[in-house]
Protein chains: 2
Amino acid sequence: MMPNNKTQIKELLQRGVEHIFDREHLEKRLLSGKKLRIKYGIDPTGPSIHLGRAASLWKLRDFQDTGHKAVIILGDFTVRIGDASDKQAMRRIPTRQESEEYAKKYQNQLAKILDLHRAEIRYNSEWLSCLRADELLGLAEHFTAQQMVQRRNFKERWEAGRPIGLQETFYPLLQGLDSKAVKADLEIGGSDQLFNLQIGREVQRLYRQEPQDIMTLRMLVGTDGRKMSTSWGNFITVLDSPKDQLGKIMALKDELLGEYLELCSRLPASEIMRLRNLLAAKRVNPIEVKLLLGQKIVELYHGTKAAAAAAKEFERVFRQKRMPSDMRKFKARQKRMNLTDLLVETKCAISKSEARRVIQQKGVKIDGVVHDDWKEEVALKSGAVLKVGKKKFVKIAI
Amino acid sequence: MMPNNKTQIKELLQRGVEHIFDREHLEKRLLSGKKLRIKYGIDPTGPSIHLGRAASLWKLRDFQDTGHKAVIILGDFTVRIGDASDKQAMRRIPTRQESEEYAKKYQNQLAKILDLHRAEIRYNSEWLSCLRADELLGLAEHFTAQQMVQRRNFKERWEAGRPIGLQETFYPLLQGLDSKAVKADLEIGGSDQLFNLQIGREVQRLYRQEPQDIMTLRMLVGTDGRKMSTSWGNFITVLDSPKDQLGKIMALKDELLGEYLELCSRLPASEIMRLRNLLAAKRVNPIEVKLLLGQKIVELYHGTKAAAAAAKEFERVFRQKRMPSDMRKFKARQKRMNLTDLLVETKCAISKSEARRVIQQKGVKIDGVVHDDWKEEVALKSGAVLKVGKKKFVKIAI
């Protein structure tokens, strides 16, 4: 079913989208009912797809669902050149074996998002490995070194004196040759792909093809608000376990909730708007919304059962372990005192014998550490938390 | 005959040479008597070879004469990429037809300098036209964009905001692939080739070849002391007519004589030293040395007879037309006067009748313009030169 409906097209061109060119041209084509070839390229640089990339793939899925052709380019050739779009430095180039393994793993992940039976999957070595230097250099004549180096990421590296591989400056041309090879009508990419996608238009034009329209999605930042980075572990991948996916969403910074709902869930726009409004009015606890979002994400990649199980487990472990926000305070008179006396004085036990019993049953923790000797003289620190049984918490002050 | 003689080798490594690397390695090889493969590359970018390039070719000839193998690369592939070494801006790329014509014309010119029967002439399309992009990009990984752009000529263009073709940054790699293809032991080039020649060493090393030694010759400046430029017409080519070659040398700036003797003539070093000393001591008129140099150059490219004829013609036309440096002055009392009276008053004629006769015979010129009407009232300007017959010159003052 083609989206002959203006509202549907509007949603397609709006949700999560940062930039479209040529918007008018694309809208007209979508309204015309023509079946478009929609390209999305992935270089298999690592084992898994993160939710930022997944957002672009879900957009592609939306196009599939409205009757267009998804054309996935697996960059088994370009991966060896290296795309500088999201790089601050020259990167290690994966070996051929590694990238073949990654490419295989990608297909399994893609299957979680796209309808692969209806998609066209192409490896770009198909046309790039037999490309002659002659043709590539002839193409390069139409571009300047300045143009390639002055793009945002190179510029930063240039100014910081960090090396830019000579081959990297040719990357956008190769990506453009992909568009030409598959005769793309539209290319979708992350926000950092804008430059490459535009070069793709130029390359197609030089080969006398109608230039593709281009659509970039907003950049998904890491769960801590910084750029996603392996070293910070602040991103979620399609392959993460249900527990990890949910856990990372629960640790999400509150102010990122709206953006994550839009880019990472399939909740309808109207529902997201409702949640955003509730959050803004503080009429819902962000934790509840995170739990919903986390479940929705686990559902997408591991199914409904796994999502329910993960949510239940979360309730059990996290909620029950949570310390009350209205914890009692106890002002200690000495820096050291007997553990049994401490329990009685803090009113965590009604008698020394009850105190001894709960201590011996390992029901007493100070800052999470079990203390099971009722004769112990414990050292008290300001801010330490005494926990007795499941529910009694006391904060120590000196 | 190999130059087993240290003096010969010293001259080979010294005359006109700006830079050698690795000097020690090269000296050792030359002394060993090994027959070296000596590469010189020319991109057929124009119809003729100028004397600056010819200097490198004569150096190559010296190596031929001492038993080494000259390997000439005609850059029919690279000419379409464009070498930035001596360029201040992107240049027009010659068409395939043009560069084939140039290449043919070059062979005729090369024959004036080299012993082509003993030389190996290769077109670099032989190995570059079938080069795969894959291999080129793999090679590029070993170099950085900074390295390629920060070379002298690019740097100037970069800083001036003049475009650098993306393909131009790959030129040095292609030239390096030439060195690899012909297994060069030594590459000779102009001063502006230093960067490319060094990259050639790297490329050979990456292909596990012993890196070539490199030798650059000093840059020959134009006859007016500026950089050679078609628009200034300040250079001499191998194809220029004897008259033009001699004429341009006669117009050479005096201070360039020594350098032109060394780079453009085949006079022995000792003779050049003698002439330099005479010039420095002002014991010889530079014009005489220029006439000698001019004749020697014409001899090289057009033969002894043509050289003698050109010199004779020069004597006839230039010497005889030359105005004496001790010209008489004539202080005129009026701004206009009768031409016949002028000749008598300036003592260029002993009588009015002689004056009339020489005027009617078109023997009178003012500032080079014939005046043949003895009744004419001529306008006199300060500094104008009156010439009567072949030998009488008078400078007018008002």
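The sequence lines fix the lettering, A, B, ..., with proteins before strands; numbering per chain opens at 1.
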Highest number of heavy-atom pairs under 4.5 Å with chain A among B:H142, B:E135, B:Q146 belongs to B:Q146

Give the member of A:L136, A:L131, A:L139 that has the highest number of heavy-atom pairs under 4.5 Å with chain B.
-> A:L131

Pick from B:C130, B:S129, B:G138, B:G161: which one has the most heavy-atom pairs with chain A under 4.5 Å?
-> B:S129

Answer yes or no for A:R151 and A:F154: cation-pi contact, defined as NZ/CZ to six-membered ring centre under 6.0 Å and angle to ring axis within 45°.
-> yes

Given that the side chain runs from C-beta out, which part of B:L137 has a heavy atom under 4.5 Å from chain A: side chain, backbone, both or neither?
-> both

If you measure only the distance, is there a donor-acceptor pair under 3.5 Å linking the side chains of A:E187 and A:Q212?
-> yes

Please confirm whether A:Y123 and A:F77 have ring centers closer than 6.0 angstrom.
-> no

With a 4.0 Å cut-off, would you call B:R122 and B:E126 a salt bridge?
-> yes

